[in-house]
Amino acid sequence: MRSHKVAVIGGDGIGPEVVEAGCRVLDAIAADDGGFGFAFEHFDWGSDYYRKHGRMMPEDGLQQLEGFNAIYFGSVGDPNLPDDVTLWGLRLAICQGFDQYANVRPTRLLPGIGGPLRPDLGAQIDWVIVRENSEGEYAGVGGRAHRGLPIEVGMDVAVFTRAGVERIARFACDLARSRPRRHLTIVTKSNAQRHGMVFWDDICRTVIRDYPDVTVDWMLVDAMTQRMVLKPGTIDTVLATNLHADILSDLAAALAGSLGIGATANIDPSRKRPSMFEPIHGSAFDITGKGIANPLGAFWTATMMLDHLGETRAAERLMQAIETVTSRGDTLSPDLGGRATTAEVTDAVIGAITGANA
Ligand code: NAD
Ligand code: MN
């Protein structure tokens, strides 16, 4: 039997609640499949760990994670700690430390979920956003000087490298090619940012020459927001920089109905190091501990992890089970207008998994 070693980092807020639910669902899909299983190892890293140890994870944290086949992550962020400390100390430390340079976010309006768009438009949403995840605006390069003085400055320098842009452009082209429509939209802002963004365009233009079977169009990021709302059906695979894709994917999540559903993967396509899978939402302090967090984002994330681990059949079955529950509509959490608890949604999905096999 295939055994997948998965590091589970619940993190802060509702993170641990939804990944625990996710582990239950993953065990259920594995038991039902019969061909594989999970060896989960849990890590208590995050803001509570920080309060005890002065760091978000141990100094050798990355070494501890190295041997795993995947990382299943909840969220980070604490009301009493600065967001840049928690984000850089854990999530970005792992993404950047493991060179998970491709962030992938699928977006669809799941059956039974009413998004904010007119139903005929909402039904057209079927996108995958590819976010450059290692450099760009989040390279961490810059500084502050002359603190407290009137001449104080703060700078973040967006870093685009030939190697960095080329590898993410290839990844996006490969992904676009694997989808039925074979269409890629490259997002840019080279009208205003005439160094890094023009360089981004130049490199992307070179890479797409190797993909004559993929049709490509280009959009300025501001115009892209309009197109996502007004003409969602014209979009398939999207490539954007770290910052642009961060913003576009929150818009995508909103158009798809709830922050509680969205899923994402931070991939090291070289597979030298483990990739990390997480729901897109944050710690959701307002509902932490109430048992009502929507676990569907963590479940959709789990399907991406299954795919990455080669369990494509199980990934499809889990996605079907999620969609069975959303389309039935009787077991939805409060963010989707229902009254179900995290545990009830989890039980419903597990029920759909076992039922789907009958
Ligand atoms: P958030 O995603 O935590 O919450 C935004 C709103 O959506 C809240 O009202 C929340 O209750 C709701 N929501 C989110 N996920 C939900 C779910 N699964 N079920 C039901 N409702 C859900 O975003 P925020 O409030 O901007 O950020 C809170 C903290 O989380 C901050 O510290 C932020 O830095 C952090 N954060 C972390 C990540 C991450 O770890 N990847 C992502 C976003 C925000
Ligand atoms: Mn974001």
Side-chain angles (χ1 to χ4, degrees), residues 8-22 25 43 45-51 56-57 71-96 98 100 103-105 110 113 115-116 129 131 133 138 242-243 245-267 275-302 304 322 325-326 331-346 348-349:
V8 182
I9 306 174
D12 301 333
I14 62 167
E17 302 173 27
V18 295
V19 299
E20 284 318 310
V25 161
F43 294 86
W45 302 344
S47 296
D48 286 337
Y49 187 93
Y50 182 92
R51 277 184 275 271
M56 293 293 289
M57 66 174 177
I71 302 164
Y72 191 37
F73 189 86
S75 71
V76 278
D78 184 280
N80 302 313
L81 292 174
D83 275 346
D84 63 314
V85 170
T86 55
L87 189 67
W88 282 93
L90 188 59
R91 194 177 156 273
L92 289 183
I94 297 171
C95 287
Q96 299 200 349
F98 281 164
Q100 295 162 344
N103 178 266
V104 180
R105 284 195 187 184
L110 298 186
I113 306 293
I129 299 177
R131 168 179 177 182
N133 211 30
Y138 296 178
N242 214 331
L243 172 65
D246 186 12
I247 298 164
L248 294 180
S249 46
D250 270 28
L251 173 58
L255 295 176
S258 168
L259 219 50
I261 303 178
T264 189
N266 302 285
I267 307 254
S275 294
M276 181 159 76
F277 301 83
E278 54 174 344
I280 64 168
H281 60 74
S283 313
F285 316 132
D286 49 337
I287 57 165
T288 299
K290 295 187 177 160
I292 54 165
N294 188 347
L296 292 179
F299 298 169
W300 191 342
T301 301
M304 299 178 82
I322 294 168
V325 169
T326 59
T331 318
L332 297 178
S333 49
D335 57 306
L336 294 175
R339 294 149 137 251
T341 62
T342 309
E344 285 164 350
V345 177
T346 307
V349 170

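Note that ligands are numbered from 1 as they come in the structure, with each ligand's atoms numbered from 1 the same way.
Ligand 1 has no nitrogen or oxygen under 3.5 angstrom from a nitrogen or oxygen of L259. Between I292 and ligand 1, no pair of N/O atoms sits closer than 3.5 Å.
Side-chain atoms of N133 and Y138 include no donor-acceptor pair closer than 3.5 Å. Looking at D335 and S258, their side chains do bring a donor and an acceptor atom within 3.5 Å of each other.
Judged by distance alone, with hydrogens and angles left aside, the side-chain atoms of T264 form a donor-acceptor pair with the main-chain N or O of V104 at under 3.5 Å.
Below 4.0 Å from some heavy atom of S75 lie the following atoms of ligand 1, by number and element: 40 (O). Below 4.0 Å from some heavy atom of E278 lie the following atoms of ligand 1, by number and element: 41 (N). For ligand 1, the atoms sitting less than 4.0 Å from at least one non-hydrogen atom of A284 are 3 (O), 10 (C), 11 (O), 14 (C), numbered in the order shown with element in parentheses. Listed by atom number, the atoms of ligand 1 under 4.0 Å from G77 heavy atoms are 32 (O).
By the side chain to side chain contact (heavy atoms under 4.5 Å, CB included) test, I287 is found to be paired with I14, A284, I292, A293, residues two or more places apart in sequence or in another chain being considered.
Note on residues 280-298: no pairs pass salt bridge (Lys or Arg N to Asp or Glu O under 4.0 Å), not counting sequence neighbours.
Nearest to atom 16 (C) of ligand 1 by heavy-atom distance, out of L92, I14, D335, is I14.
Contact annotation: A293 has at least one heavy atom less than 4.0 Å from an atom of ligand 1.
Both the backbone and the side chain of N294 come within contact range of ligand 1, each with a heavy atom under 4.0 Å. The proximity of I280 to ligand 1, defined as any non-hydrogen pair under 4.0 Å, is limited to the backbone. With a 4.0 Å heavy-atom cut-off, ligand 1 is reached by the side chain of D286 but not by its N, CA, C or O.
At least one side-chain heavy atom of H281 sits under 4.5 Å from a side-chain heavy atom of L259.
Residues R91 and D12 are not paired through a salt bridge, judged by the lack of any N-O separation under 4.0 Å between the basic side chain and the carboxylate.
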